Engineer: 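Attaching a single structure in structure tokens format; questions to follow.
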Amino acid sequence: MSRIQTTFAHLQAQGRKALIPYVMSGFPEAGCTPDLMHALVRGGADIIELGIPFSDPMADGPVIQAAGEKAIANGTGLAQVLDAVRIFREGNGHTPVVLMGYANSIEAYNLHHGAREGEPAHGPFVHAASAAGVDGVLVVDYPPEECATFAQDLREHGMDLIFLLAPTSTDARMEQIARLATGYVYYVSLKGVTGSGALDTSAVARAIPHIRQHVSIPVGVGFGIRDAATARAIAEHADAVVIGSRILQLIGDQSGAAIAEKAASFLQGIREAVDA
């Protein structure tokens with residue numbers, strides 16, 4: 001099993017839910033990401049979603065957009081994201097790391113590095129991600145119709161391909177994604193972008209049993225989770241709680257060691273709520 005699958009199996013055996021914080025690599029300072037990731041683990045993270053900064057994100061709200069712009073200004077691209085994972089792995093060999101981003105970043109990386117003879121066009125990224133210690137990849141704008149070979153190559157290198165599901169996803173779409181997705185699926189809890197304050201927990205509670213009719217792997221829920229109360233409400237129904245924009249807001253004006261300290265302190269409160 002992949003590290004993600006092992007983590008979920010361990011949590012399920014304990015009757016616990018996964019806590020998955022999202023942070024933007026290279027934000028708020030260049031070079032802060034490995035220490036920040038270690039702090040998230042201290043705060044109770046089971047899996048870390050690490051954002052790949054991109055100039056034109058389609059699913060991100062203003063907080064994550066601004067974080068991505070700052071990260072790019074700090075000189076962060078996909079190569080630096082992989083370096084951050086590699087450094088993190090020097091001190092942590094068990095916490096799964098999922099890269100979350102957009103097709104352009106991966107396609108540009110592959111074009112720049114060139115595929116080896118006889119390997120798929122996405123081979124450079126897959127090899128580099130595996131070597132760095134990445135466990136999963138979520139590419140917002142890679143549709144399942146285009147991902148069969150990519151998913152297989154990732155699995156062969158011990159990584160999971162994670163897909164988004166939305167309130168608008170049809171049964172046929174869920175079944176299509178279920179044939180390719182491994183690790184977990186990420187249910188977008190609302191019709192909107194990240195960081196929205198319009199989370200309807202009752203709608204999520206109704207949606208998840210329907211998703212489970214089509215998807216056998218764990219279901220994580222994100223978009224709109226900002227505090228302990230909403231995290232706890234979502235944890236009553238989902239297998240994992242994903243929280244990102246609020247963390248970025250809290251660390252955005254911090255510097256040095258305070259970045260990691262602020263993130264860890266906040267996440268500890270979310271961890272307690274999820275476990276409750």
Side-chain angles (χ1 to χ4, degrees), residues 2-4 7 18-54 57 59-60 63-72 74-106 109 125-126 128-140 142 154 157-164 183-184 186 194-195 220 222-223 240-252 259-260 263-264 266-267:
S2 70
R3 262 191 292 245
I4 294 172
T7 295
L19 177 56
I20 309 178
Y22 167 97
V23 291
M24 178 65 70
S25 186
F27 175 85
E29 295 178 351
C32 75
T33 304
D35 287 343
L36 176 56
M37 294 168 72
H38 285 299
L40 294 174
V41 175
R42 293 195 301 272
D46 297 298
I47 298 169
I48 295 172
E49 285 188 358
L50 188 58
I52 304 169
F54 178 53
D60 297 330
V63 173
I64 295 182
Q65 285 188 38
E69 291 170 1
K70 180 72 175 294
I72 291 171
N74 288 339
T76 306
L78 181 50
Q80 288 71 37
V81 176
L82 295 173
D83 285 341
V85 177
R86 191 176 298 109
I87 294 169
F88 173 72
R89 281 284 171 244
E90 293 174 359
N92 183 308
H94 64 277
T95 302
V97 176
V98 174
L99 300 187
M100 184 172 182
Y102 294 86
N104 295 57
S105 302
I106 294 174
Y109 186 92
F125 167 75
V126 172
S130 176
V134 172
D135 301 284
V137 181
L138 196 167
V139 187
V140 174
Y142 266 177
L154 287 171
H157 287 80
M159 293 179 284
D160 294 305
L161 183 58
I162 296 154
F163 286 92
L164 297 173
Y184 61 97
Y186 185 147
T194 58
F223 285 44
V241 173
V242 186
I243 184 166
S245 293
R246 184 56 182 153
I247 296 174
L248 298 181
Q249 285 179 319
L250 290 171
I251 68 174
I259 298 169
F266 171 73
L267 203 63

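Fair warning: this is a prediction, and the values are worked out from it, not measured in the lab.
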Engineer: If every non-hydrogen atom of Phe27 is compared with every non-hydrogen atom of Cys32, which pair is closest and at what distance?
Structural biologist: O-SG, 3.4 Å

Engineer: What's the shortest heavy-atom distance between Gly26 and Thr76, and which atoms?
Structural biologist: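 Looks like CA-OG1, 3.4 Å.
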
Engineer: Check the pair Ile20, Tyr184 against side chain to side chain contact (heavy atoms under 4.5 Å, CB included), reporting the backbone distance first and the verdict last.
Structural biologist: CA-CA 11 Å; Ile20 309 178; Tyr184 61 97; 3.9 Å; yes

Engineer: Anything under 30° is parallel, anything over 60° is perpendicular, the rest tilted; go ahead and classify Phe88 against His38.
Structural biologist: tilted

Engineer: Could you walk me through whether Val242 and Ile47 satisfy the side chain to side chain contact (heavy atoms under 4.5 Å, CB included) test, starting with their C-alpha distance in whole Å, then the side-chain angles of each, then the deciding distance to 0.1 Å, before giving a yes or no?
Structural biologist: CA-CA 9 Å; Val242 186; Ile47 298 169; over 6 Å; no

Engineer: Which atom pair, heavy atoms only, marks the closest approach of Pro53 to Gly68?
Structural biologist: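 Distance-wise, the nearest heavy atoms are CB-O, 3.7 Å.
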
Engineer: Return the CZ to CD distance between Phe54 and Gln65, rounded to the nearest 0.5 Å.
Structural biologist: 11.0 Å

Engineer: Could you tell me whether the side chain of Gln80 reaches within less than 4.5 Å of the side chain of Ser25, counting heavy atoms only?
Structural biologist: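 In short, these two side chains do not touch, never coming nearer than 4.5 Å.
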
Engineer: If we ignore hydrogens and angles and just use 3.5 Å, is the side chain of Asp135 paired with the main-chain N or O of Met159 as donor and acceptor?
Structural biologist: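 Side chain of Asp135 to backbone of Met159, a donor-acceptor pair under 3.5 Å: no, none is there.
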
Engineer: Enter the distance from Asn104:CG to Ile52:CD1 here, rounded to the nearest 0.5 Å.
Structural biologist: 11.0 Å

Engineer: Any side-chain to backbone donor/acceptor pair from Arg3 onto Pro96? Under 3.5 Å, distance only.
Structural biologist: no

Engineer: Can you name the nearest heavy-atom pair linking Leu248 to Ala67, along with the distance?
Structural biologist: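 Smallest heavy-atom distance, with atoms named: CD1-CB, 3.8 Å.
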
Engineer: Find out whether Val98 and Val134 are in side-chain contact, i.e. whether some heavy atom of one side chain is under 4.5 Å from a heavy atom of the other.
Structural biologist: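 No, every pair of side-chain atoms sits at 4.5 Å or beyond.
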
Engineer: Report yes if the side chains of Ile106 and Val137 come closer than 4.5 Å at any heavy-atom pair, otherwise no.
Structural biologist: yes

Engineer: How far does CE of Met24 sit from OG of Ser245, to the nearest 0.5 angstrom?
Structural biologist: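 If I round to the nearest 0.5 Å, the distance is 9.5 Å.
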
Engineer: Decide side chain to side chain contact (heavy atoms under 4.5 Å, CB included) for Phe163 and Tyr142; before the verdict, give the C-alpha distance in whole Å, the side-chain angles of both, and the deciding distance to 0.1 Å.
Structural biologist: CA-CA 9 Å; Phe163 286 92; Tyr142 266 177; 5.6 Å; no

Engineer: Does the side chain of Asn92 reach to within under 4.5 Å of the side chain of Met37, using non-hydrogen atoms?
Structural biologist: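 The answer is no; the side chains never approach within 4.5 Å.
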
Engineer: Give a yes or no answer on whether the side chain of Asn74 reaches the backbone of Pro28 with a donor-acceptor pair at less than 3.5 Å.
Structural biologist: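 Side chain of Asn74 to backbone of Pro28, a donor-acceptor pair under 3.5 Å: yes, one is there.
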
Engineer: Just by distance, no angles: are the side chains of Ser2 and Asp160 close enough, under 3.5 Å, to form a donor-acceptor pair?
Structural biologist: yes

Engineer: Is any side-chain heavy atom of Asp60 closer than 4.5 Å to a side-chain heavy atom of Tyr102?
Structural biologist: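 SC-SC contact between Asp60 and Tyr102 confirmed.
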
Engineer: If we ignore hydrogens and angles and just use 3.5 Å, is the side chain of Glu49 paired with the main-chain N or O of Pro21 as donor and acceptor?
Structural biologist: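 Side chain of Glu49 to backbone of Pro21, a donor-acceptor pair under 3.5 Å: no, none is there.
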
Engineer: Which atom names give the shortest non-hydrogen contact between Ala264 and Ala39, and what distance separates them?
Structural biologist: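 It is CB-O, 3.4 Å.
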
Engineer: With Leu99, which of Ile162, Val81, Leu138, Ile48 fulfils side-chain contact (heavy atoms from CB on, under 4.5 Å)?
Structural biologist: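 Testing Leu99 for a side-chain contact (heavy atoms from CB on, under 4.5 Å) against Ile162, Val81, Leu138, Ile48 leaves exactly one candidate, Val81.
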
Engineer: So, taking the atom named NZ in Lys70 and the one named CD in Glu29, what distance separates them when rounded to the nearest 0.5 Å?
Structural biologist: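 Rounded to the nearest 0.5 Å, the NZ-CD separation comes to 7.5 Å.
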
Engineer: Mind checking whether Phe266 and Ile243 have side chains closer than 4.5 Å, heavy atoms only?
Structural biologist: yes

Engineer: Of Leu50, Ile247, Ile251, which is the lone residue that meets side-chain contact (heavy atoms from CB on, under 4.5 Å) with Leu36?
Structural biologist: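 Passing option: Ile251.
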
Engineer: Which is it for Thr95 and Leu40 under the side chain to side chain contact (heavy atoms under 4.5 Å, CB included) test, yes or no, and what are the steps along the way?
Structural biologist: CA-CA 10 Å; Thr95 302; Leu40 294 174; over 6 Å; no

